[in-house]
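One structure is given below, encoded as structure tokens.
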Amino acid sequence: MPRKPASAAPERTRLELEFDKAHLLGPLFGEFDQNLVAIENRLGVFIAARGNRLVIEGEPGAAARARDVLTGLYNRLAQGQQIDAGAVSGIIAMTSEPALEGIIRADDTTSSPVMIRTRKKVIVPRSPTQIRYMEALVKNDIIFALGPAGTGKTYLAVAQAVAQLITGSVDRLILSRPAVEAGERLGFLPGDMKEKVDPYLRPLYDALYDCLPAEQVERRIASGEIEIAPIAFMRGRTLADSFIILDEAQNTTPAQMKMFLTRFGQNSRMVVCGDPNQVDIPGGSEFSGLADAVGRLEGIERIATIRFTSKDVVRHPIVGKIVEAYEGP
């Protein structure tokens with residue numbers, strides 16, 4: 001019998017990268033080379049540092065992706081941005097889509113239009129879906145952002161709102177959410193109205209303070225430029241020249257959602273964020289105003305729907321695995 005031919009060894013290649021700014025190599029590699037290790041583990045390559053040069057060995061496609069990841073991270077550092085484990089994971093994910101190469105490897109702040117500038121930082125996308133979301137935040141009047149926690153739905157919306165408030169393209173930033181407990185009964189909270197609703201709105205405050213200096217946040221809240229209130233406070237108003245964000249929208253009823261959406265006024269933008277799988281209102285998802293609104297409005301001109309998945313989680317990598325475990329059969 002003829003001998004069965006031995007399977008060919010997988011093709012391997014060797015790429016070299018050289019970086020000009022030696023002071024950026026520490027943050028590029030990460031503490032104890034953790035960024036390099038993350039790239040090696042995710043892409044199945046070997047990376048060796050030799051002075052200001054990196055040698056990448058592995059299958060041609062994987063080595064090329066590793067090169068693009070490292071180039072993208074280095075260019076972000078050269079632009080004065082910080083990188084962390086989430087940034088590394090995000091760029092690795094984006095290298096799977098060749099159409100995003102210009103964004104990943106952009107070597108100056110003008111070559112990639114997909115970014116948000118605030119007083120404290122420049123925010124760039126960390127997943128392909130975030131790119132589509134950030135583009136929708138610029139182009140559309142009403143945006144529905146659906147998906148699990150940790151995907152940047154609310155954070156990016158607040159960042160875009162802050163950017164437009166700073167440039168004067170809107171006069172007010174209005175942040176709202178329904179005051180529904182996540183499976184708990186908190187009873188009667190003490191204090192005035194602000195003290196009663198603040199615990200529900202804490203995630204919105206956190207995003208604000210991450211984009212604006214604390215004194216500016218407090219000053220703009222005091223002047224009314226930034227308004228943070230439960231959805232019940234929106235009834236009867238017309239919100240013009242405003243950037244309006246509704247968070248935890250899966251916990252609205254259809255009547256509440258209709259009331260909120262019809263507050264939309266001239267020269268405004270509205271973002272509705274929520275996770276259809278985390279409904280805390282009695283009756284569950286079939287009584288959720290978010291699912292009802294998306295079903296009615298999806299496909300209408302200047303209304304965008306962006307759907308995130310566990311692959312878009314940009315918190316600690318284990319959060320994505322937890323989301324997958326709970327969404328599985």
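Worth saying up front: this structure is predicted, and the values here are computed from it rather than measured.
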Checklist entry - Would you say the side chain of D292 lies within less than 4.5 Å of the side chain of M257, judging by non-hydrogen atoms? => result no
Checklist entry - Looking only at heavy atoms, which two atoms of T252 and P178 are closest? And how far apart? => result CG2-CG, 4.0 Å
Checklist entry - Is there a donor-acceptor pair under 3.5 Å between the side chain of D33 and the backbone N or O of F29? => result no
Checklist entry - Does E215 CD have over 12 foreign heavy atoms under 6.0 Å away? => result yes
Checklist entry - Are R42 and V69 close enough that some pair of their side-chain heavy atoms sits under 4.5 Å apart? => result no
Next on the checklist: Checking E218 against Q216: is there a side-chain donor and acceptor pair closer than 3.5 Å?
Outcome noted: no
Item to check | CA sep, side-chain torsions, deciding dist, call: V279, N251, side chain to side chain contact (heavy atoms under 4.5 Å, CB included) | outcome: CA-CA 6 Å; V279 179; N251 289 328; 4.1 Å; yes
Checklist entry - Can you find a heavy atom in the side chain of I39 that is under 4.5 Å from one in the side chain of R65? => result no
Item to check | Polar contact flag, side-chain donor to acceptor under 3.5 angstrom, D312-T151 | outcome: no
Checklist entry - Does a side-chain heavy-atom distance below 4.5 Å link F260 with I244? => result yes
Checklist entry - So does R219 have more than 12 non-hydrogen atoms from other groups sitting under 6.0 Å from CZ? => result yes
Next on the checklist: Taking the side chain as everything from C-beta on, heavy atoms only, tell me whether L204 gets closer than 4.5 Å to T154.
Outcome noted: yes
Checklist entry - With a 4.5 Å heavy-atom cut-off, do M270 and L246 have their side chains touching? => result no
Checklist entry - Can you name the salt bridge (charged side-chain N to carboxylate O under 4.0 Å, His left out) partners of E227, sequence neighbours left out? => result R237
Checklist entry - Checking side chain to side chain contact (heavy atoms under 4.5 Å, CB included) for the pair L208/V162: CA distance, chi angles, key distance, verdict? => result CA-CA 8 Å; L208 275 176; V162 167; 3.8 Å; yes
Checklist entry - Does S242 use its side chain to pair, donor to acceptor, with the backbone of S268 at less than 3.5 Å? => result no
Checklist entry - Which atoms form the tightest heavy-atom contact between A161 and L173, and what is the distance? => result CB-CD1, 3.3 Å
Next on the checklist: Closer than 4.0 angstrom, basic N to acidic O: yes or no for E57 and R14?
Outcome noted: yes
Next on the checklist: A quick test of your reading: do over 12 heavy atoms of other residues, nucleotides or ligands sit less than 6.0 Å from CD of Q266?
Outcome noted: no
Checklist entry - Applying the 4.5 Å side-chain criterion to the ILVMFWY set and letting contacts propagate, would I300 and V272 be lumped into a single cluster? => result yes
Item to check | Side chains of R132 and T129, donor plus acceptor under 3.5 Å | outcome: yes
Item to check | Q130 side chain vs R126 backbone, donor-acceptor pair below 3.5 Å | outcome: yes
Checklist outcome for this item: On a heavy-atom basis, the closest approach of S288 and I281 is CA-CD1, 3.9 Å
Item to check | Euclidean distance, N267 CG relative to D241 CG, rounded to 0.5 Å | outcome: 4.5 Å
Item to check | Donor-acceptor contact below 3.5 Å, side chain Q250 vs main chain Q278 | outcome: yes
Next on the checklist: Apply side chain to side chain contact (heavy atoms under 4.5 Å, CB included) to residues K21 and Y74 and explain how you reach the verdict.
Outcome noted: CA-CA 9 Å; K21 301 176 181 178; Y74 177 81; 3.3 Å; yes
Checklist outcome for this item: Note: A136 and A304 closest approach over all heavy atoms is CB-CB, 4.1 Å
Checklist entry - For L212 and R119, which heavy atoms make the closest approach, and how far apart are they? => result CD2-CG, 3.5 Å
Item to check | Side chain proximity check, I143 to R269, heavy atoms < 4.5 angstrom | outcome: yes
Next on the checklist: Hydrophobic clusters here meaning ILVMFWY residues chained together by side-chain heavy-atom distances under 4.5 Å, can you tell me if M259 and F233 are in one?
Outcome noted: yes
Checklist entry - Could you walk me through whether I166 and R117 pass the side chain to side chain contact (heavy atoms under 4.5 Å, CB included) check? => result CA-CA 9 Å; I166 290 171; R117 296 178 181 274; over 6 Å; no
Checklist entry - Looking at side-chain heavy atoms only, is the closest gap between L25 and F19 below 4.5 Å? => result yes
Item to check | Among I91, N35, V88, L17, the one residue meeting side chain to side chain contact (heavy atoms under 4.5 Å, CB included) with L70 | outcome: L17
Checklist entry - Where does the angle between the aromatic ring planes of Y133 and F308 fall among parallel (under 30°), tilted (30 to 60°) and perpendicular (over 60°)? => result perpendicular
Checklist entry - For the residue pair V271 and C273, what are the closest heavy atoms and their distance? => result CG1-SG, 3.7 Å
Checklist entry - How about Y209: does its OH atom have over 12 heavy atoms from other parts shown lying under 6.0 Å from it? => result yes
